[in-house]
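What follows is a single structure, written as structure tokens, with notes after it.
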Amino acid sequence: MRVLVAGAAGFLGSHLTDRLLGDGHSVVGADNLSTGERENLAHLAGEPRFTFLEWDICQPFTAAIDLGRVDYVFNFASPASPPEYKRLGIETLAVGSTGTRNMLEIAARHNAGFLHASTSECYGDPLQHPQTEEYWGNVNPVGPRSVYDEAKRFGEALVMAYNRSRGVNTHLVRIFNTYGPRLHPDDGRVVSNFMMQALRGEPLTIYGDGSQTRSFCYVDDLIDGIVLLSRTDEHLPVNIGNPNEFTILECAQTVLEVTGSESEMRYGALPEDDPIRRQPDISKARRLLGWEPKIQLREGLMRTLDFFRSKVKKR
Ligand code: UDP
């Protein structure tokens with residue numbers, strides 16, 4: 001296949017690109033580099049089956065951009081960490097709406113498959129635990145996270161509309177917290193912050209009392225699930241994540257053990273609307289894809305250690 005990956009220079013987009021190339025496909029990777037980094041694709045410099053397009057997908061596709069044939073579109077373009085989407089609020093709303101529509105138009109025109117990266121943020125601060133795909137969520141439409149949450153919820157509606165009205169073969173993955181190499185060291189997420197802080201011997205910044213929970217999925221497991229989903233006929237959302245749930249304090253403790261760091265914990269304010277708990281119910285993915293994650297937090301952090309060590313050295 002010839003595959004278009006929007007957001008190819010990002011954390012997930014670059015891993016997805018590697019996987020698609022590894023499976024023998026050709027990839028056109030588009031990114032405006034607003035949060036993605038060329039470095040994530042640097043190892044593909046000599047790869048003839050990969051083309052990089054520095055392109056903001058909010059700008060309509062024009063003849064000046066030669067896409068050639070497209071068999072599948074993966075729409076992974078968006079700022080995704082809370083500090084980044086707060087900084088780029090309007091851009092986040094634009095890429096979730098206009099950008100996503102432009103990608104859907106390309107899929108419709110080429111009769112290509114389409115997979116959209118949605119998120120557990122669609123569930124907001126969930127009142128149902130764990131979260132199944134049928135849960136409609138508890139989202140603040142005007143809070144600081146709303147730029148991301150509503151962009152992703154609108155994106156899901158848009159994707160379903162292209163499926164129902166235009167017959168596009170669409171897929172929706174709801175991605176839960178994911179980590180691994182290429183997670184941006186400065187993006188402010190919990191794993192990147194804790195790993196960098198631990199390796200530098202600085203205090204680990206715990207927001208609130210650290211009793212809020214997240215369920216962390218290693219990137220390779222996530223990409224496996226996404227690729228399997230892309231081959232199905234399922235159009236409604238599917239949760240992909242690791243159901244192993246940790247408090248933020250437990251996550252901090254695991255980071256200290258894996259890094260061998262003696263950093264202290266420093267407590268700070270809990271950001272507004274920070275979800276209290278989050279855990280995917282992955283029964284649907286198990287049933288539909290025969291998929292479940294294999295790599296648990298400690299092992300995944302070990303696999304991520306060299307990446308963060310190299311970042312500590314560079315800064
Ligand atoms: N968090 C923390 N310290 C940090 C960064 C994040 O305690 O340095 C907490 C944050 O308040 C949230 C959880 O870790 O409860 C996950 O935050 P992240 O930004 O990684 O993603 P989220 O799941 O909130 O989108």
Side-chain angles (χ1 to χ4, degrees), residues 10-12 35 76 78-89 92 96 117-126 129-131 137-140 143-153 173-219 222 239-256 259 261 263-280 297 300-301 304 308 311-312:
F11 165 51
L12 295 182
T35 57
F76 277 64
S78 178
S81 83
E84 290 291 77
Y85 62 66
K86 286 173 195 168
R87 180 174 71 84
L88 297 166
T92 301
S118 191
T119 169
S120 57
E121 281 288 317
C122 289
Y123 303 123
D125 192 4
H129 195 74
Q131 293 82 55
N138 177 39
V139 171
N140 178 350
R145 300 175 85 101
S146 64
V147 290
Y148 186 67
D149 299 9
E150 296 296 9
K152 289 293 185 182
R153 286 165 68 100
V173 57
R174 289 197 181 135
I175 297 170
F176 284 67
N177 294 64
T178 304
Y179 67 98
R182 302 185 200 151
L183 193 59
H184 198 292
D186 299 326
D187 76 358
R189 283 192 176 101
V190 66
V191 170
S192 34
N193 275 5
F194 286 177
M195 289 294 276
M196 292 297 281
Q197 290 160 347
L199 291 171
R200 285 177 172 145
E202 294 168 359
L204 270 50
T205 51
I206 311 281
Y207 302 159
D209 63 5
S211 64
Q212 71 271 33
T213 70
R214 293 294 185 271
S215 306
F216 298 100
C217 188
Y218 187 68
V219 63
L222 184 96
N239 290 338
I240 300 282
N242 188 323
N244 244 351
E245 185 184 9
F246 296 84
T247 66
I248 293 306
L249 271 181
E250 287 167 341
C251 173
Q253 195 55 46
T254 310
V255 167
L256 290 182
T259 54
S261 167
S263 288
E264 297 168 351
M265 315 270 187
R266 179 182 293 159
Y267 291 83
L270 190 67
E272 194 181 335
D273 293 344
D274 198 284
I276 289 168
R277 54 192 189 164
R278 188 182 282 157
Q279 183 189 32
L297 184 60
L301 289 175
T304 311
F308 283 110
K311 294 293 170 187
V312 167

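Only this structure's heavy atoms are used, side chains among them; waters, hydrogens and symmetry mates stay out. All ligand and atom numbering here is 1-based and tracks the order in the structure.
- How far CG of L204 is from CE of M196: 12.5 Å, rounded to the nearest 0.5 Å.
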Would Y207 and I248 satisfy side-chain contact (heavy atoms from CB on, under 4.5 Å), going step by step from the backbone distance to the final call? CA-CA 9 Å; Y207 302 159; I248 293 306; over 6 Å; no
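- M195 places none of its side-chain heavy atoms less than 4.5 Å from the side chain of Y179.
- No heavy atom of S81 sits closer than 4.0 Å to any atom of ligand 1.
- T205 and Q197 form a side-chain donor-acceptor contact under 3.5 Å, judged by distance and modelled atom types alone.
- With rounding to the nearest 0.5 angstrom, the CZ atom of R174 is 12.0 Å from the CD1 atom of I240.
- Taking every non-hydrogen atom of N193 and a distance limit under 4.0 Å, the qualifying atoms of ligand 1 come out as 4 (C), 5 (C), 8 (O).
- At least one heavy atom of G188 sits closer than 4.0 Å to an atom of ligand 1.
- Looking from atom 16 (C) of ligand 1 to the surrounding protein, the closest heavy atom is R214 NE, 3.6 Å.
- Note: no N/O pair closer than 3.5 Å links Q197 and ligand 1 by distance alone.
- Taking S146 as the reference, nothing meets the side-chain hydrogen bond (donor to acceptor under 3.5 Å, both in side chains) condition, with sequence neighbours excluded.
- Residue, atom and distance of the protein heavy atom nearest to atom 13 (C) of ligand 1 are I248 CD1, 3.5 Å.
- Summarising the geometry, atom CZ belonging to R182 is positioned 10.5 Å from atom NZ belonging to K311; distances are rounded to the nearest 0.5 Å.
- Of the protein's non-hydrogen atoms, the one nearest atom 5 (C) of ligand 1 is Y207 CE1, 3.3 Å.
- For ligand 1, the atoms closer than 4.0 angstrom to any heavy atom of E121 are 25 (O).
- When non-hydrogen atoms are compared, ligand 1 lies under 4.0 Å from the side chain of P271 (C-beta onward) but not from its backbone.
- The single protein non-hydrogen atom nearest to atom 9 (C) of ligand 1 is Q212 NE2, 3.8 Å, given as residue, atom name and distance.
- Closest to atom 3 (N) of ligand 1, if we only count protein heavy atoms, is T205 O, 2.6 Å.
- Between R87 and D187 there is no salt bridge, since none of the side-chain N atoms of the basic residue sits less than 4.0 Å from a carboxylate O of the acidic one.
- Looking only at distances, no side-chain donor or acceptor of R189 sits under 3.5 Å from a matching main-chain atom of H184.
- Of all the heavy atoms of D274, the ones lying under 4.0 Å from any atom of ligand 1 belong exclusively to the side chain.
- Ranking the protein heavy atoms by distance from atom 21 (O) of ligand 1 puts N177 ND2, 3.7 Å first.
- Numbered from 1 in the order shown, with element, the atoms of ligand 1 that lie under 4.0 Å from a heavy atom of I206 read 7 (O).
- Atom 20 (O) of ligand 1 has as its closest protein heavy atom V190 N, 2.8 Å.
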Pair E245, H129 - check side-chain contact (heavy atoms from CB on, under 4.5 Å), show working. CA-CA 11 Å; E245 185 184 9; H129 195 74; 3.2 Å; yes
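- In this structure, of M196, R145, R189, R278, the residue bringing a heavy atom nearest to atom 24 (O) of ligand 1 is R145.
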